[in-house]
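Structure first, commentary second.
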Amino acid sequence: MDPNWHAQLMIDEINKQNERDALLKETHDTLLQMQEASKQESTINSKRFIIQTVLSVASLIVATIAAVASIISLL
């Protein structure tokens with residue numbers, strides 16, 4: 001039996017832990033990037049919703065004006 005087996009076992013465990021730490025950091029960084037992308041997409045979707053709402057209201061106003069104008073022309 002190798003007299004340094006215990007030291008080698010500890011070194012192997014340290015190396016494994018370093019690999020796990022590196023993978024964990026990489027996963028964390030990826031999740032942060034995904035979170036930032038999600039925030040940006042959410043902001044864009046909110047602005048798109050506001051624009052669509054404004055356009056819908058404007059369309060409703062124009063339709064109402066047209067309806068009133070046609071009623072007035074019938075009188």
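Quick note: numbers below take in every heavy atom, side chains included, and nothing from hydrogens, waters or symmetry partners.
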### Where at least one partner belongs to residues 22-35, residue pairs that pass side chain to side chain donor-acceptor pair (under 3.5 Å), sequence neighbours excluded
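Found Lys25-Asp29.
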
Nearest 0.5 Å, what's the [atom1]-[atom2] distance between [X] and [Y]?
X	Y	atom1	atom2	answer
Ser46	Ile51	OG	CD1	11.0 Å
Ile14	Gln17	CD1	CD	9.5 Å
Leu9	Asn4	CG	CG	12.0 Å
Met10	Asn15	CE	CG	12.0 Å
Ile50	Arg48	CD1	CZ	12.0 Å

### Query
Does a side chain donor of either Gln8 or Asp12 reach within less than 3.5 Å of an acceptor in the other side chain?
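Asp12 and Gln8 do have a side-chain donor-acceptor pair below 3.5 Å.
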
### Any donor-acceptor N/O pair, Thr43 side chain to Lys39 backbone, under 3.5 Å
yes

### Query
When you measure from the side chain of Ser73 to the backbone N and O of Ser70, does any donor-acceptor pair fall under 3.5 Å?
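Yes: the side chain of Ser73 pairs with the backbone of Ser70.
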
### Note, Arg20 side chain near Leu24 side chain (heavy atom, < 4.5 Å)
no

### Message
Check this for me: Glu41, atom CD, are more than 12 non-hydrogen atoms of other residues, nucleotides or ligands nearer than 6.0 Å?
### Response
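No, the 6.0 Å shell around CD holds no more than 12 heavy atoms from other groups.
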
Identify all side-chain donor-acceptor contacts of residues 53-64 below 3.5 Å with residues at least two apart in sequence or on another chain.
{"residue": "Thr53", "atom": "OG1", "partner": "Phe49", "partner atom": "O", "Å": "2.8"}
{"residue": "Ser56", "atom": "OG", "partner": "Gln52", "partner atom": "O", "Å": "3.0"}
{"residue": "Thr64", "atom": "OG1", "partner": "Leu60", "partner atom": "O", "Å": "2.8"}

